[in-house]
Amino acid sequence: MGVSLVQELIVRKMKIYNSLNRQLEDFVPLNHEQVSIYSCGPTVYDYIHMGNARTALVTDIIRRYLVYRGYKVKLVQNLTDIDDKIINRAAELGVSAKQLAHQNGEAFFEDSQRLGIHPADVHPKATEHIPEMISLIQTLIDKGAAYVIDGSVYYRVNQFAEYGKLSNRKPEDLLAGARVEIDERKEDPRDFDMWKAAKPGEPSWDSPWGKGRPGWHIECSAMAMKHLGKTIDIHAGGEDLRFPHHENEIAQSELATGHTFARYWMHVAFLKIDGKRMGKSEQNFILLRDALDHYPTEVIRHFLISAHYRHPLDYNPESLAKSEGALRRLNNCLDALKKYDGQVDANETGVSPLQEAVETMKSRFTDAMDTDFNTAQALGAIFTLVSEVNRSFTTSNGADAPVFAQAYQALTETCEVLGIYNMDAQDGNDVEQRDQLIALLLDIRQEARSRKDWDTSDKIRDSLKELNIEIQDTRDGATWKIIS
Ligand code: AMP
Ligand code: ZN
């Protein structure tokens with residue numbers, strides 16, 4: 001890389017689409033030493049599904065890329081461990097809300113780890129921050145921005161002139177589509193509860209307003225400010241959280257402190273299935289842990305980042321099969337390149353077309369990721385280089401060998417940012433090994449068929465089907481595909 005390009009990369013700013021201002025903006029962190037990120041984590045009443053995983057993975061990639069760009073990052077991702085859904089599910093199952101939340105919190109960490117998501121620097125739990133929430137609510141009462149009715153505390157929306165700025169809704173639209181509880185006692189239907197008076201049999205905590213529990217929005221305001229200060233750089237979550245959750249977080253935090261709460265708001269578009277949002281309430285979800293039982297980590301990561309995070313993505317077996325194919329090509333290419341790693345001093349090489357391709361890939365990757373973390377284009381850059389390397393293997397008669405080490409380095413570095421190649425784990429070869437085993441079984445089946453041993457042939461076909469691998473007999477021989 002020439003000096004001018006290096007300099008350009010250092011001064012060039014990343015751009016983030018800020019959903020607050022609905023535009024692409026230069027990313028300038030408040031403190032150049034450390035970028036602060038708060039990401040709304042799961043409500044732990046069940047295992048997480050692939051939709052939740054998409055949002056969590058995007059946050060992981062944002063952090064990995066910022067680190068790659070030389071920033072220090074502090075990431076906080078909360079666990080909502082007290083909520084109506086948890087209380088209701090625990091009652092159905094006959095366990096305590098605490099026990100249910102604990103089990104699902106542990107399962108969330110386990111699933112995230114299996115997906116290669118690095119743990120956040122802090123994973124605060126709502127139930128461990130009740131004093132901070134009470135103190136924030138008290139501040140808002142003292143400022144006249146909240147009122148108490150029968151032991152519940154409500155936020156007075158008309159005290160915050162900028163209410164609606166994130167969701168870009170006019171006051172009259174603010175109720176449309178939102179799950180705002182009808183409560184005749186509220187001064188204004190838009191007001192929302194920050195503290196809910198205890199109901200019999202529900203978990204509760206002492207407060208100046210009597211026993212009760214926090215509302216969901218105050219939880220995130222209090223935990224974000226406790227761990228990241230009054231102003232954070234990036235606040236992320238799924239697009240369903242923009243209103244009312246994030247709008248209410250802004251209202252509470254900014255009225256309490258007088259400071260901007262989050263400088264860049266990022267919202268991840270939905271993972272869909274059959275055109276509908278994947279969600280617990282829609283009953284159309286695929287649990288992340290089930291997907292991880294069928295596909296390697298890197299395949300699921302590749303699939304989830306194959307679209308830019310602001311575009312919806314459809315879950316279907318065909319797309320996952322495409323990701324499997326892509327990962328197979330990538331792993332084969334990296335395996336072939338590995339033996340050149342460290343063998344060549346890059347300075348000794350002349351400029352060849354493959355070397356140009358390596359440089360082009362690096363700058364296309366950075367351009368894509370610098371422009372609002374465009375993982376789809378970043379993958380495009382990586383796979384173009386994979387094709388170039390493969391072409392070179394077959395056509396260059398070894399002339400490109402000196403550049404292979406550079407290609408290997410560039411590919412592994414960028415793939416590590418996206419977490420689609422794990423150099424340490426041998427399971428990078430899992431897919432290839434599986435494919436070889438299936439090919440072997442198909443050979444054995446073919447031999448059995450030529451002996452008219454239909455029992456063995458059927459047994460192989462049926463056993464593979466139980467493992468979600470479907471054999472199709474064609475005129476050119478048997479082929480197979482993953483089904484789900
Ligand atoms: P929840 O457990 O419902 O509070 O969701 C945890 C996180 O996953 C939040 O940031 C949600 O916005 C996000 N999320 C939920 N469903 C989807 C989906 N289908 N696609 C993308 N993100 C989602
Ligand atoms: Zn939140």
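Worth knowing before you read on, the calculation uses all heavy atoms, side chains too, and leaves out hydrogens, waters and symmetry mates. In each ligand, atom 1 is the first atom listed, and ligand 1 is the first ligand listed.
Within 6.0 Å of CD on Q113 lie no more than 12 heavy atoms contributed by other residues, nucleotides or ligands. Other residues, nucleotides and ligands contribute only 12 or fewer heavy atoms inside 6.0 Å of the NZ atom of K322. In K199, the NZ atom is not crowded: 12 or fewer heavy atoms of neighbouring residues, nucleotides or ligands sit closer than 6.0 Å. Taking a 6.0 Å sphere around NE2 of H123, one finds it holds more than 12 heavy atoms contributed by other residues, nucleotides or ligands. Surrounding OH of Y45 are more than 12 heavy atoms belonging to other residues, nucleotides or ligands, all under 6.0 Å away.
Counting the atoms of ligand 1 from 1 in the order shown, those under 4.0 Å from a heavy atom of D240 are 11 (C), 12 (O). Taking every non-hydrogen atom of G41 and a distance limit under 4.0 Å, the qualifying atoms of ligand 1 come out as 6 (C). Near T55, the atoms of ligand 1 lying under 4.0 angstrom from a non-hydrogen atom of the residue are 10 (O), 13 (C), 21 (C), 22 (N), 23 (C). Taking every heavy atom of L271 and a limit of under 4.0 angstrom, the matching atoms of ligand 1 come to 18 (C), 19 (N), 20 (N), 21 (C).
Without hydrogens or angle criteria, R54 side chain to V268 main chain gives no donor-acceptor distance under 3.5 Å. D372 places a side-chain N or O within donor-acceptor distance of the main-chain N or O of Y17, the cut-off being under 3.5 Å. Panel note: side chain K74, backbone H227; a donor-acceptor pair is recorded below 3.5 Å. The closest donor-acceptor contact from the side chain of N78 to the backbone of A126 lies at 3.5 Å or more, if one exists at all. In terms of modelled atom types and a separation under 3.5 Å, the side chain of Y147 and the main chain of E187 share a donor-acceptor contact.
No part of K272 comes within 4.0 Å of ligand 1, judged by heavy-atom distances. If you look at T43 next to ligand 1, the close heavy atoms, those under 4.0 Å, come from the backbone and the side chain alike. Of the heavy atoms in N52, both backbone and side-chain atoms come closer than 4.0 Å to ligand 1.
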inquiry  = For a side-chain contact (heavy atoms from CB on, under 4.5 Å) check, start with the C-alpha distance between F27 and D370, then their side-chain angles and the critical distance, and finish with the verdict.
reply    = CA-CA 9 Å; F27 177 62; D370 270 359; over 6 Å; no

ask   = Could you go step by step and tell me if Y421 and T412 meet the side-chain contact (heavy atoms from CB on, under 4.5 Å) rule?
value = CA-CA 7 Å; Y421 180 65; T412 49; 3.6 Å; yes

request  = Please lay out, stage by stage, how I62 and Y309 fare under the test side-chain contact (heavy atoms from CB on, under 4.5 Å).
outcome  = CA-CA 11 Å; I62 291 170; Y309 77 88; 5.9 Å; no

task = Decide side-chain contact (heavy atoms from CB on, under 4.5 Å) for Q377 and T371; before the verdict, give the C-alpha distance in whole Å, the side-chain angles of both, and the deciding distance to 0.1 Å.
result = CA-CA 10 Å; Q377 281 181 13; T371 313; over 6 Å; no

query = Would Y315 and H49 count as a ring-ring contact (aromatic ring centres under 6.0 Å, His included) if you check the C-alpha gap in whole Å, the side-chain angles of each, and the deciding distance to 0.1 Å?
reply = CA-CA 11 Å; Y315 180 93; H49 58 67; over 10 Å; no

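For atom 19 (N) of ligand 1, the closest non-hydrogen atom of the protein is M278 O, 2.7 Å. G238 N, 3.1 Å is the protein heavy atom nearest to atom 10 (O) of ligand 1. The closest protein non-hydrogen atom to atom 23 (C) of ligand 1 is G51 O, 3.4 Å. In terms of protein heavy-atom proximity, atom 9 (C) of ligand 1 is nearest to L241 CD1, 3.7 Å. For atom 16 (N) of ligand 1, the nearest non-hydrogen atom of the protein is R277 NH2, 3.1 Å.
Here D240 pairs with F270, R277 under the side-chain contact (heavy atoms from CB on, under 4.5 Å) rule; sequence neighbours left out.
Put simply, part of C40 is less than 4.0 Å from ligand 1, judged by heavy atoms. Using 4.0 Å as the threshold, V268 has no heavy atom nearer than that to any atom of ligand 1. For H49, the heavy-atom gap to ligand 1 drops under 4.0 angstrom. Close to ligand 1: A269, with a non-hydrogen atom less than 4.0 angstrom away.
In terms of N/O distances under 3.5 Å, ligand 1 is not approached by G237. Residue-to-ligand polar distances keep R54 apart from ligand 1: every N/O pair is separated by 3.5 Å or more. Annotation: E239 places no N or O atom under 3.5 Å from an N or O atom of ligand 1; distance criterion only. Residue-to-ligand polar distances keep F270 apart from ligand 1: every N/O pair is separated by 3.5 Å or more. Checking only distances, W216 never comes within under 3.5 Å of ligand 1, N or O to N or O. Where the criterion is an N or O separation shorter than 3.5 Å, residue side chain and backbone included, P42 fails it with respect to ligand 1. Ligand 1 has no nitrogen or oxygen under 3.5 angstrom from a nitrogen or oxygen of K85.
For the Zn ion (ligand 2), the count of nearby protein N/O/S atoms, taking only those under 2.8 Å, is 3.
Shortest non-hydrogen contact noted between R289 and A107 is NH2-CB, 3.4 Å.
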